[in-house]
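The structure appears below as structure tokens.
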Amino acid sequence: MIPRNPTEAHRNFFQEVHEVVRLVPPGRVTTYGAIAHYLGSRRGARMVGWAMMAAHTATAYVPAHRVINRNGQLTGRQHFATPTAMQQALEAEGVVVVEDEVQDFKTRFWDPTTELE
DNA sequence: TTTTTGACCTCAG
DNA sequence: TCTGAGGCCAAAA
């Protein structure tokens, strides 16, 4: 659960995104859209993607490799240190990736809207 | 200050 | 079913 104090209501969209991503369990993946939906902006998926780019420079660790698009594709791999870093990170957690596509994506999917109620 | 551009998604036709 | 346009919000130009 993410604490939302009234005083922190103006917290950056990025911060909230980062917090949600940090809650994704190892071996599971989520999507930009799911996060956007959880944060209220149903069509703000694009913003989530932008937030992930900022996550690279964030102070706290953010498992950005667990966030992919709704097709289960690793669209953000080019933004990692190496083009294969994202896939390797996922495989290290037991996620099978073939041709930049997560296998059994449906069962690996972790939806914050339902998991965090 | 205005315009353009994103690791995307949804809706209308 | 498939394709195209619009939308979300912030940062860089």
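Chain letters run A, B, ... following the sequence lines, proteins first, then strands; residues in each count from 1. Remember, it's a predicted structure, so these values are computed and weren't measured experimentally.
Considering every non-hydrogen atom in both A/V20 and A/W110, the closest pair reads O-CZ3, 4.3 Å. The two atoms that bring A/A36 and A/A45 nearest to each other are CB-N, 3.6 Å, heavy atoms only. Closest approach of A/T113 to A/A34, counting heavy atoms only: OG1-O, 4.1 Å. Shown here for A/R28 and A/E115, the closest heavy-atom pair between the two residues is NH2-OE2, 4.4 Å. Closest heavy-atom contact between A/T31 and A/V67: C-CG1, 4.3 Å. Listed here is the closest heavy atom pair of A/Y32 and A/G76: OH-N, 4.5 Å.
The line from CD of A/E99 to CD of A/Q87 is 9.0 Å long, rounded to the nearest 0.5 Å.
Of the possible polar contacts, one joining the A/R108 side chain to the A/G27 backbone as a donor-acceptor pair under 3.5 Å is found.
Hydrophobic clustering, defined by side-chain heavy atoms of Ile, Leu, Val, Met, Phe, Trp and Tyr closer than 4.5 Å, groups A/L90 together with A/V29, A/I68, A/L74, A/F80, A/M86, A/V95, A/V97, A/V102, A/F105, A/F109.
Once you apply a 4.0 Å limit to the heavy atoms of chain A, the touched nucleotides of DNA chain B run 5' to 3' over B/dG6 to B/dC11.
A heavy atom lying under 4.0 Å from DNA chain C marks the following residues of residues 46-53 of chain A, by number: A/R46, A/M47, A/W50. For the contact set between residues 55-79 of chain A and DNA chain C, defined by any heavy atom under 4.0 Å, there are no members.
Look at CD on A/E16: it is 14 Å from C1' on C/dA10, rounded to the nearest Å. If you take CZ of A/F13 and C1' of C/dA11, they are 15 Å apart, rounded to a whole angstrom.
A/R22 CZ: more than 12 foreign heavy atoms inside a 6.0 Å radius. Within 6.0 Å of atom NE2 in A/H37, 12 or fewer heavy atoms from other residues, nucleotides or ligands are found, so the atom counts as exposed in its surroundings.
Stem list for DNA chain B (at least 3 consecutive Watson-Crick or G-U pairs, distances under 3.5 Å): B:2-6 with C:9-13, B:8-13 with C:2-7.
C/dT3 sits 23 Å from B/dA7 when the C1' atoms are compared, rounded to a whole Å.
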Stepwise side chain to side chain contact (heavy atoms under 4.5 Å, CB included) check, A/I35 with A/V21: CA-CA 8 Å; A/I35 295 173; A/V21 176; 3.9 Å; yes

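Pairs passing the side chain to side chain donor-acceptor pair (under 3.5 Å) check and including a residue from residues 56-69 of chain A, sequence neighbours excluded, read A/H65-A/E93, A/R66-A/E93.
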